[in-house]
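In the text below, chain A, chain B and the rest are named by the order of the sequence lines, each starting its count at 1. What you are looking at is a predicted structure, and each value in this text was computed from that prediction instead of being measured. Hydrogens, waters and symmetry mates play no part in the numbers below; they use all other heavy atoms, side chains included.
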Amino acid sequence: MPFEKVRVRFAPSPTGPLHIGGVRTAIFNYLFAKKHNGNFILRIEDTDQNRFVSGAEEYILESLKWLNIEPDEGVGKGGSFGPYRQSERKDIYQKYAHQLISDGHAYYAFDTPSELENMRNRLKSEKHSNQQYNAKTRVNMLNSLSLSQAKVQQKLDNNDPYVIRLMLPENKEIKFQDAVLGDFVFHSSQLDDKILFKSDGMPTYHLANVVDDHLMEISHVIRGSEWTNSTPCHILLYRYLGWEKEIPVFAHMPLLLKPDGQGKLSKRDGDRLGFPVFPLNWKSQETSEISKGYKESGYSSEAFLNFLVLLGWNPGTDQEIFSLTELINSFSIEQIGKSGSKFDLDKAKWFNHQYLQKKPISELREEFLVTLIEKGINHSHLNIDKILELVRERATFTSDFWELTNYFFIAPTSYDSKVIKKRWKENTPKILTDIIVILSALNNFQAYEIETIIKQHINTQNLNMGQVLSSLRLTIVGSASGPSIFDIMVLLSKEESIMRIQNGINNIKK
RNA sequence: GGUCCGUUCGUCUAGUCAGGUCAGGACGCCAGGUUUUCAUCCUGGUAACAGGGGUUCGAAUCCCCUACGGACUACCA
């Protein structure tokens with residue numbers, strides 16, 4: 001490896017919110033950097049002025065922060081290889097573009113968009129399999145290869161718009177090795193003379209990314225596999241710029257696919273299928289429409305990251321739950337799969353459930369308290385921690401807690417009619433009245449004691465256990481579900497429990 | 001259309017590079033158990049090597065063909 005230090009970059013373009021495919025790319029880069037004690041760099045590829053979306057850069061930064069995979073270097077952090085925003089590096093690209101021209105590896109092209117379209121249409125109608133601007137077609141186009149030197153100079157002096165194109169060799173094989181996909185061979189005849197420099201004075205991705213990766217001493221390029229087809233162009237650039245000995249290792253990772261059907265996951269799939277495709281909420285400034293994020297949907301960043309990293313990567317063991325440190329230790333490019341993966345919301349939920357079970361109760365309490373305040377609930381008499389401990393195993397999201405615990409805070413005002421129908425008998429009021437008497441006399445109001453004494457009563461009176469306990473639960477909770485009724489009663493207090501039973505007796509009518 | 005890539009349970013995947021256990025795990029689903037409730041949890045079950053040819057004593061694994069899927073094919077990244 002020509003690099004002493006591992007340096008990888010995550011290089012999104014600020015054209016909107018980062019979607020989960022991009023997030024996964026960031027995670028893989030981060031993990032790889034940390035595994036090798038390297039640097040994780042954030043570079044913003046904002047060379048397309050037309051697609052610039054304000055707020056997108058901040059969104060990217062916030063997303064990485066939420067996931068706890070913040071860059072060591074780059075936009076928002078600084079570093080000695082800056083600037084890290086490509087729009088601030090225009091001069092650098094210009095210099096290299098002109099170097100390529102003077103070395104005979106690039107040329108000026110003056111064709112207008114409509115002329116280019118005409119060419120493609122013509123080739124298409126003539127049934128050429130290839131409609132690219134390449135060694136065959138460029139001689140017929142308006143460029144510094146086909147035009148006389150004087151004519152070219154005249155156009156330049158005249159400030160005619162131009163682009164700079166890479167001049168591909170006519171019949172060469174371009175080979176490279178991909179750390180994920182293996183060996184590639186491309187034929188230059190199948191490639192096109194890519195635009196390196198646009199007429200607006202900005203470089204294209206191809207030039208900017210190669211120049212920056214070199215100047216920033218990037219050792220490994222880990223990116224989505226939509227880039228494999230343009231990699232030969234990048235290889236050529238390294239070669240023509242004299243950097244062939246320092247070409248980074250390429251690792252193209254498989255794409256994230258739509259959960260239904262086929263195809264690359266897109267930003268619109270979220271709305272269509274009703275699941276988030278973004279890490280954080282995103283509010284479009286144009287339409288004011290809000291796209292849901294995983295964070296706001298109740299996912300913890302650890303669970304989300306854990307779920308995402310297992311899409312296309314697997315350590316080869318049965319382990320599924322990983323801390324960030326464990327991920328760093330076990331990550332390797334060799335274990336990245338070759339084929340795309342659809343993602344499964346059920347599995348994402350399962351991960352969140354797993355993580356929720358392990359969270360410190362203080363964190364859960366903190367979030368839950370916000371809900372209680374929003375709802376204007378007085379909870380000073382209740383032990384919130386114990387309530388949460390009691391119900392947490394039933395929750396997938398912290399947002400489930402209110403649904404799971406509301407009866408602790410608000411005594412039932414209505415009762416599940418199905419349970420009434422099934423369990424509330426003629427003698428139920430009498431039985432519950434007896435239970436009130438028993439409970440009133442109970443000094444040590446603890447779960448075990450309550451359970452023992454009630455079951456004893458049921459046995460000696462020859463009562464139906466299911467019927468008694470269900471109707472008891474009905475008076476206290478209002479429905480037939482929830483954790484152990486004895487635990488609930490303890491948390492509610494003796495007085496409250498008795499009051500609820502009495503209310504039930506008074507109000508439940510068969 | 002062209003170029004490149006991919007294909008193991010419904011889904012995420014292990015196993016493929018170095019060919020040799022009933023193809024292993026997880027999610028989901030189904031059943032049973034626990035909870036005399038519901039959920040969780042536990043146990044069990046369901047279910048896959050895309051198809052066809054080779055090579056070999058032996059193929060998920062190596063080779064070829066086919067099918068299917070995807071990416072790219074912009075003065076977007």
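- In this structure, A/D213 pairs ionically with A/R43, as a charged nitrogen and a carboxylate oxygen lie closer than 4.0 Å.
- A parallel orientation is assigned to the rings of A/F409 and A/W402, their planes being inclined by less than 30° (bins at 30° and 60°).
- Ranked by how close their nearest RNA chain B nucleotide is to the 5' end, A/G466 and A/D346 are led by A/D346.
- No contact: A/F351 has no heavy atom under 4.0 Å from any strand.
- In a base pair of the Watson-Crick type (N1 to N3 plus N6-O4 or O6-N4) or a G-U wobble (N1-O2 and O6-N3), with each distance short of 3.5 Å, B/A26 is matched with B/U11.
- A/I174 places its CD1 atom 12 Å from the P atom of B/C4, with the value rounded to the nearest Å.
- A/Q131 places a side-chain N or O within donor-acceptor distance of the main-chain N or O of A/H128, the cut-off being under 3.5 Å.
- Residue-level contact check: A/L191 touches neither bases nor backbone, having no heavy atom under 4.0 Å from any strand.
- A straight line from CZ of A/R392 to C1' of B/A39 spans 15 Å, rounded to a whole angstrom.
- The residues A/R85 and A/E88 are annotated as salt-bridged, a charged nitrogen and a carboxylate oxygen being separated by less than 4.0 angstrom.
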Worksheet item: What string of B, S and - do you get for nucleotides 72-77 of chain B, 5' to 3', if B is base contact, S is sugar-phosphate-only contact and - is no contact with any protein heavy atom under 4.0 Å?
Response: BSSBBB
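- No hydrogens or angles considered: nothing links the side chains of A/T137 and A/Q132 as a donor-acceptor pair under 3.5 Å.
- One P atom belongs to B/A23, the other to B/A59, and the distance between them is 15 Å to the nearest Å.
- Minimum atom distance to the side chain of A/F184 is reached by B/C4, of the listed B/G70, B/C4, B/A26.
- Both A/F186 and A/H128 lie close to RNA chain B; mapped to their nearest nucleotides by heavy-atom distance, the more 5′-ward contact belongs to A/H128.
- With no hydrogens or angles considered, no side-chain donor-acceptor pair links A/R122 and A/N140 at under 3.5 Å.
- Between the C1' atoms of B/C49 and B/G33, the separation comes to 34 Å (whole Å).
- Here A/H353 lies in heavy-atom contact (under 4.0 Å) with sugar-phosphate atoms only.
- A salt bridge is defined here as a Lys NZ or Arg NE, NH1 or NH2 lying under 4.0 Å from an Asp or Glu carboxylate O, and A/K347 with A/E320 meets this definition.
- For A/Y162 and A/Y108, the ring centers are positioned less than 6.0 Å apart.
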Discussion item. I'd like to compare against my own output: the B/S/- annotation of nucleotides 8-19 of chain B with a strict under-4.0 Å heavy-atom distance to protein.
Written reply: ---SSSS-----
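- Aromatic ring centres of A/F331 and A/F28: separated by under 6.0 Å.
- Rounded to whole Å, atom P of B/U37 lies 15 Å from atom CG of A/L474.
- Counting to the nearest Å, the P atom of B/U37 and the CE atom of A/M489 are 17 Å from each other.
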